[in-house]
Amino acid sequence: MHTLAFVLRSRAVSTSSGRVRQNRIIVQVLPFESGAHAALEGAIKLMNFGNAPPLAYFEGVGMGRLEDDPSTVHYQRHTYDLLSACVLPPQNSLALIESMAQDYAHEERH
């Protein structure tokens with residue numbers, strides 16, 4: 001949470017907000033209220049190619065794996081889909097981030 005507070009106090013929020021509003025970046029927040037989810041262990045990157053089978057790169061504690069096994073790729077895609085179903089829409093996510101940034105800025109002044 002300390003890192004989030006630092007980012008929210010920085011100018012990065014206003015710069016990022018502009019890029020998000022220009023559709024250069026898509027930000028979606030997963031609220032804490034969503035609870036535990038299958039991607040808590042680490043990042044998931046799904047890759048599709050026109051002339052090769054899809055790949056999944058995923059991370060866990062102290063490891064990262066690149067897989068082309070169809071069942072593993074399918075599992076990671078399903079995990080990503082479940083996670084995507086819980087995130088806030090981009091505009092709501094941006095509004096939440098900006099609101100938190102204002103709250104942190106207000107707390108810093110007092």
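All values below were derived from every heavy atom in this structure, side-chain atoms included, with hydrogens, water molecules and symmetry-related copies excluded.
- Side-chain contact between L88 and P31 is present, with at least one heavy-atom pair separated by less than 4.5 Å.
- Side-chain contact between Y75 and S71: absent, with no pair of heavy atoms (C-beta onward) separated by less than 4.5 Å.
- When every heavy atom of E67 is checked against every heavy atom of F58, the shortest pair comes out as CG-CE2, 3.7 Å.
- Atoms CG and SG, from L30 and C86 in turn, are 6.5 Å apart once rounded to the nearest 0.5 Å.
- In this structure, CG in L96 is found 12.5 Å from CD in Q28, a value given to the nearest 0.5 Å.
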Report all side-chain donor-acceptor pairs from residues 41-52 shorter than 3.5 Å, counting only partners two or more places apart or in another chain.
| from | atom 1 | to | atom 2 | distance (Å) |
| --- | --- | --- | --- | --- |
| N48 | OD1 | R77 | NH2 | 3.3 |

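- Between atom OG1 of residue T79 and atom NE2 of residue H74 there is a gap of 9.5 Å, rounded to the nearest 0.5 Å.
- The distance from atom CG of L55 to atom CD of Q76, rounded to the nearest 0.5 Å, is 12.0 Å.
- When the side chains of ILVMFWY residues are joined at heavy-atom separations under 4.5 Å, either directly or via intervening members, M100 and V29 end up in a single hydrophobic cluster.
- In terms of heavy-atom proximity, L83 sits nearest to H37 at CD1-ND1, 3.6 Å.
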